[in-house]
Amino acid sequence: MKQMQIARKASFKWLVENSKREQTFIMIKPDGVQRGLIGKIIQRFEKRGFKLSALKVCQPGKAHLEEHYADLSKKGFFPGLIEYMNSGPVCAMVWSGDHSVTIGRKMLGATKPEDSAPGTIRGDFCIDVGRNICHGSDSVESAQKEIKLWFKEGEVTSYKHHSQGWVYE
Ligand code: RTP
Ligand code: MG
């Protein structure tokens with residue numbers, strides 16, 4: 001009986017450890033890539049304890065970027081935003097971890113750099129809203145949509161990070 005309980009507890013622990021944690025889509029925009037900030041931004045997510053599940057540098061073109069920012073298509077700044085996003089390669093990433101959407105947005109900082117707190121990515125690296133370095137999903141639902149748009153099936157890896165037990169209770 002006791003052995004069964006131990007086995008059940010162990011398999012529950014395995015399930016919790018290996019179940020898919022929340023994922024967010026983080027993208028370093030063309031200015032971040034050109035200014036050599038990829039490494040610094042990745043380091044912040046690694047240091048926080050998130051797991052890098054996918055990464056690629058790409059320039060997918062206008063139509064793809066218009067789809068990514070479809071919610072903003074009626075905004076006056078939309079054409080300028082698409083031109084900016086299409087002006088060079090971006091670094092697209094999937095980061096996994098509990099609360100990765102909310103924490104990711106906090107790490108990025110407010111949209112307008114004048115409102116971004118120092119210590120955030122935008123608060124440390126930029127001045128202009130039209131060159132604000134990075135994108136982060138604003139909800140779990142948008143994260144799922146964006147990950148599907150930017151990565152093909154099989155491009156997002158699934159593995160147990162070796163420091164999982166030191167990041168999660
Ligand atoms: P993102 O989607 O890039 O992570 O940015 P966000 O959620 O913080 O802000 P959002 O409202 O989704 O805006 C998307 C991007 O559009 C540009 N923007 N320009 N000129 C303007 O007033 C203006 N407002 C927004 C920014 O690059 C913003 O990140
Ligand atoms: Mg947004």
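When a ligand or atom number is given, it counts from 1 through the structure's own listing order. Below, each value reflects all heavy atoms present in this structure, side chains not excepted, and no hydrogens, waters or symmetry copies.
Distances below 4.0 Å separate heavy atoms of R122 from the following atoms of ligand 1: 1 (P), 3 (O), 4 (O), 5 (O), 8 (O), 29 (O). Less than 4.0 angstrom separates some heavy atom of K29 from each of these atoms of ligand 1: 3 (O), 27 (O), 28 (C), 29 (O). Heavy-atom proximity to G136, at under 4.0 Å, picks out these atoms of ligand 1: 4 (O). Of all atoms in ligand 1, numbered sequentially from 1 with element shown, those under 4.0 Å from a heavy atom of Y69 are 1 (P), 2 (O), 3 (O), 14 (C).
The aromatic rings of F50 and F45 sit tilted relative to each other, their planes meeting at an angle between 30° and 60°.
Looking only at side-chain heavy atoms (C-beta outward), L149 and K145 stay at 4.5 Å or farther from each other. Between I133 and K29 there is no side-chain heavy-atom pair separated by less than 4.5 Å. Side-chain contact between H135 and I26 is absent, with no heavy-atom pair separated by less than 4.5 Å. Side-chain atoms of C134 and R122, non-hydrogen and from C-beta on, do get closer than 4.5 Å to each other. In this structure, the side chains of V129 and T111 come closer than 4.5 Å at one or more pairs of heavy atoms.
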Tell me, with the steps shown, if S96 and S53 meet side chain to side chain donor-acceptor pair (under 3.5 Å).
CA-CA 6 Å; S96 305; S53 297; 2.6 Å; yes
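In this structure, the protein non-hydrogen atom closest to atom 29 (O) of ligand 1 is N132 ND2, 2.8 Å. With hydrogens left out, the protein atom closest to atom 12 (O) of ligand 1 is L72 CD1, 3.7 Å, a heavy atom. The protein heavy-atom contact nearest to atom 8 (O) of ligand 1 is T111 OG1, 2.5 Å.
In terms of polar-atom proximity, L81 is not counted as a contact of ligand 1, lacking any N or O under 3.5 Å from an N or O of the ligand. An N or O contact shorter than 3.5 Å links V129 to ligand 1 by distance. Taking any N or O of H135, backbone or side chain, at least one lies under 3.5 Å from an N or O belonging to ligand 1.
Of the listed options F25, F77, Y84, F78, F77 places a heavy atom closest to atom 22 (O) of ligand 1.
Contact annotation: G130 has no heavy atom less than 4.0 Å from any atom of ligand 1. Residue contacts with ligand 1 include R105, since one or more of its heavy atoms lies under 4.0 Å from the ligand.
Using a 4.0 Å cut-off between heavy atoms, K75 makes no contact with ligand 1 at all.
Closest heavy-atom contact between A143 and V101: CB-CG2, 4.1 Å.
Looking only at atom types and distance, the side chain of S137 has no donor-acceptor partner in the side chain of S142 under 3.5 Å away.
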